[in-house]
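Below is one structure; the comments refer to it alone.
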Amino acid sequence: MATINITLPDGSIRELPAGSTVVDLAASIGAGLAKAAIAGRIDGELVDLSSVLTDGARVEIITEKSPEALEIIRHSASHLMAQAVKELFPAAKVTIGPAIETGFYYDFDVDTPFTPEDLERIEARMSELAAANLKIERQVLSSADAVSMFAGQGEVYKVELINDLGVDTVSVYSQGGFADLCRGPHLPSTSRIKAFKLLSIAGAYWRGNENNRMLQRIYGTAFVDKKELEAYLHRLEEAKRRDHRKLGRELDLFSFSDEVGAGFAIWHPKGAMLRTVLEDFERREHLKRGYDIVLGPQLLKTELWQRSGHYENYRENMYFTEVDEQSFGIKPMNCLSHMMIYKSQLRSYRDLPLRFFELGTVHRHERAGVLHGLLRVRCFTQDDAHILCTPDQLDAEIKGVLSFVSDVMGIFGFDYEMELSTRPEKSIGSNEDWESATNALLGALKDSGRPFEINEGDGAFYGPKIDIKLRDCLDRKWQCATIQCDFTLPERFDLTYVASDGERKRPVMVHRVILGSIERFIGVLIEHFAGSFPLWLSPVQAIVLTVTDNQLPYAQDVVKQLREIGVRVQGDFRNEKLGFKIREAQLQKIPYMLVIGDKEVEQGMVTPRYRDGKNLDPMSPTDFADFVARETKKFR
């Protein structure tokens with residue numbers, strides 16, 4: 001009998017009969033591994049368990065514990081959902097159904113939109129199909145045969161996809177009476193799909209083109225087991241409870257109005273105070289680290305945007321207007337004004353580094369479909385800074401920003417991840433400059449001692465960048481800080497300094513933000529804290545509550561005293577029961593309620609009550625202000 005030799009991940013060799021498959025290899029290692037196997041990897045490529053092995057191949061068995069398992073399970077679940085839809089809605093036409101980071105989706109062309117009740121029926125049918133243990137089989141067909149098959153089924157979208165591929169053969173996966181065009185791999189049978197849930201329905205244009213037909217997209221998720229699924233569903237419910245748009249309304253922080261326009265936030269008094277506290281914190285932290293506060297205009301001549309490369313590479317995200325027959329661009333970034341400040345006088349190497357910081361409001365044209373509360377808006381404020389330094393200073397400046405990020409994320413209690421994004425296809429500047437900039441960021445990352453990933457081709461058009469993604473209490477990742485290294489714009493704007501040898505040389509520019517968009521960061525903070533901000537950040541730190549109208553004059557005086565000392569305080573002097581007013585304050589997530597009855601008036605005291613119900617001992621208004629100052633200092 002002919003045999004083949006297979007190399008396992010540990011380097012060992014296993015001899016098998018010719019014609020053996022991945023699952024045969026697993027069985028030869030052990031019955032338990034064969035039972036746990038869901039796919040394989042042959043010479044680096046993921047394949048089905050039924051794939052035939054060749055002599056000399058390097059093979060890895062993929063189980064439910066492998067990092068790749070979840071994507072395979074979710075992709076198979078999307079096919080299971082499509083099969084259920086076709087059985088329940090035979091007229092539906094299937095399009096595409098990939099696995100995504102949080103689950104999967106499938107787009108269908110149907111005459112009548114799906115309803116929540118339809119999702120329940122589809123999910124129930126999926127459970128039945130999974131229990132039926134249908135074998136999932138792969139078949140390679142000529143493109144002509146596949147077109148004929150799908151055309152005969154009326155699946156016009158599959159025909160279009162095959163024709164666009166322009167290949168001789170395609171793979172088709174079948175289970176029961178359902179077949180789908182797919183590269184795979186997939187689970188060996190439907191019974192291996194154990195834990196799934198359909199989540200929502202949305203509209204989606206075919207191939208993302210608004211000129212094409214609107215399809216119905218069903219989102220779902222799947223996990224290895226029901227315990228993981230239940231944990232994820234709990235996080236989803238918690239995310240709904242924490243949704244910053246919902247809490248923004250309930251806490252009266254901000255609003256959006258169709259009359260104003262989509263993507264433009266309106267800040268109410270408490271929201272504006274929250275922003276003020278955050279921005280004042282930013283100013284203090286930057287001044288401590290040697291930054292100079294600057295401010296640039298909202299409009300700059302289009303000629304400047306052309307010189308910088310923004311007009312060519314970023315124009316679709318910009319707004320333009322005309323003043324005195326002169327074209328202007330509304331700034332999407334703050335860097336141009338900062339370079340103009342640098343150019344306003346002759347600079348020496350002794351002046352460098354220069355660190356220009358601006359809480360700069362910018363406007364960017366975002367498509368209506370991606371706008372999402374404060375997380376994606378068209379007008380926002382960045383904690384933007386540009387550092388201009390000599391090449392020899394670059395490493396220390398990048399490390400200084402990384403340290404700044406670490407300090408600030410620690411204050412807010414966020415852990416974070418980092419990735420280095422390299423040169424994109426659409427970019428400006430020489431290969432030499434890009435290599436120098438990339439190596440500078442890479443060196444600083446390596447010296448930081450923190451793990452990081454490489455994100456190929458996702459840098460800014462003028463330079464590579466370090467992207468920092470924080471993790472909130474629900475383990476969700478949010479883009480915030482970024483550090484971009486730029487040799488190109490100083491060249492385009494002819495920025496120079498007089499070096500120690502008297503020669504004119506070119507500075508390097510570091511673009512960086514710490515929190516990023518103030519709007520976005522506040523949205524993240526709202527969801528992270530569920531609106532219960534720490535005392536130092538809360539727009540209202542305390543509310544004074546009277547038991548009866550008899551305490552009104554004293555209560556008003558307490559509010560006045562605390563405001564003069566610097567406590568952010570309000571009063572609730574309505575003719576309502578104390579319990580009602582306490583409950584209202586708790587719903588507004590105000591940290592402290594200062595209860596004033598006849599006893600407090602007589603003693604000149606207040607009785608603080610924390611929002612979780614804990615009572616503090618009575619104290620004077622001044623002592624309470626000192627207490628707030630001490631508690632606030634802990635977080636700053």
Side-chain angles (χ1 to χ4, degrees), residues 241-242 244 246-255 267-278 280-281 413 522 525-526 528-636:
R241 185 179 73 84
R242 294 169 177 263
H244 76 282
K246 170 177 172 287
L247 289 173
R249 290 189 302 270
E250 293 174 356
L251 302 180
D252 196 24
L253 299 175
F254 61 87
S255 62
W267 293 92
H268 298 199
K270 288 197 289 186
M273 178 57 73
L274 174 60
R275 278 191 62 139
T276 299
V277 172
L278 192 60
D280 286 348
F281 162 79
I522 287 176
L525 286 177
I526 291 170
H528 179 66
F529 291 117
S532 296
F533 301 111
L535 181 63
W536 75 270
L537 195 57
S538 293
V540 179
Q541 295 173 314
I543 186 166
V544 176
L545 308 178
T546 51
V547 177
T548 69
D549 287 345
N550 294 336
Q551 299 91 39
L552 185 56
Y554 176 69
Q556 291 173 329
D557 185 59
V558 167
V559 170
K560 183 174 181 291
Q561 286 185 58
L562 291 175
R563 282 180 177 165
E564 289 175 349
I565 296 171
V567 178
R568 299 189 291 276
V569 62
Q570 290 181 345
D572 185 352
F573 307 141
R574 293 175 296 171
N575 186 21
E576 299 281 358
K577 291 183 178 179
L578 179 63
F580 175 82
K581 291 196 279 191
I582 288 174
R583 177 60 179 159
E584 288 270 291
Q586 288 174 325
L587 290 174
Q588 287 297 301
K589 303 182 186 293
I590 297 171
Y592 286 96
M593 286 140 271
L594 307 182
V595 179
I596 296 179
D598 290 337
K599 181 180 178 181
E600 283 78 15
V601 173
E602 182 182 342
Q603 298 177 346
M605 297 286 193
V606 296
T607 300
R609 174 190 177 96
Y610 192 58
R611 61 188 162 203
D612 67 359
K614 177 184 175 183
N615 286 310
L616 302 183
D617 292 333
M619 60 183 74
S620 71
T622 302
D623 286 342
F624 177 74
D626 291 341
F627 168 78
V628 169
R630 289 194 303 273
E631 290 298 301
T632 296
K633 192 174 180 180
K634 293 178 183 178
F635 298 94
R636 294 162 58 183

* Does some side-chain heavy atom of L274 sit less than 4.5 Å from a side-chain heavy atom of L278? -> no

* To do: Kindly give the heavy-atom pair with the smallest separation between S255 and H268, and that separation in Å.
  => OG-NE2, 2.9 Å

* How close do I596 and A555 get, heavy atom to heavy atom, and via which atoms? -> CD1-CA, 3.8 Å

* Measure the acute angle between the ring planes of F281 and W536, then classify it against the limits of 30° and 60° as parallel, tilted or perpendicular. => tilted

* Structure fact -> Rounded to the nearest 0.5 Å, the CD atom of Q541 sits from the OG1 atom of T632 at a distance of 5.0 Å

* Starting at CG of D617, measure out to CG of D623 and round the result to the nearest 0.5 Å. => 11.5 Å

* Measure across F533 and P591 and return the closest heavy-atom pair with its distance rounded to 0.1 Å. => O-CG, 4.4 Å

* Asked: Can you tell me how far the CG atom of L616 sits from the CE atom of M593, to the nearest 0.5 Å?
  -> 10.5 Å

* Write down the atom of Q588, the atom of E250, and the distance for their closest heavy-atom approach. => NE2-O, 2.9 Å

* For G604 and Y554, work out which heavy atoms get closest and say how close. => C-OH, 2.8 Å

* To do: Working to the nearest 0.5 Å, report the span between CZ of F254 and CD1 of I522.
  => 9.0 Å

* Asked: So, Q586 side chain and K581 main chain: donor-acceptor pair closer than 3.5 Å or not?
  -> no

* Asked: Would a distance-only check, ignoring hydrogens and angles, find a side-chain to backbone donor-acceptor pair under 3.5 Å from K270 to V540?
  -> no

* Residue of the set T546, L578, L545, V544 for which side chain to side chain contact (heavy atoms under 4.5 Å, CB included) holds with D572 -> L545

* Separation of R563 CZ from R568 CZ (nearest 0.5 Å) -> 12.5 Å

* To do: State whether the side chain of R242 and the backbone N or O of I526 hold a donor-acceptor pair below 3.5 Å, judged by distance alone.
  => no

* Do E631 side-chain atoms and V628 backbone N/O form a donor-acceptor pair below 3.5 Å? -> no

* **Inter-residue atom distance Y592.OH - F624.CZ, 0.5 Å rounding** => 7.0 Å

* To do: Under the side-chain hydrogen bond (donor to acceptor under 3.5 Å, both in side chains) rule, what do K589 and S538 come out as? Steps first, then yes or no, please.
  => CA-CA 9 Å; K589 303 182 186 293; S538 293; over 6 Å; no

* With sequence neighbours excluded, give me every side chain to side chain donor-acceptor pair (under 3.5 Å) pair touching residues 600-612. => E600-T607

* R583, CZ: over 12 other non-hydrogen atoms inside 6.0 angstrom -> no

* To do: Return the minimal non-hydrogen interatomic distance between V547 and G597, and the atom names on each side.
  => CG2-CA, 3.8 Å

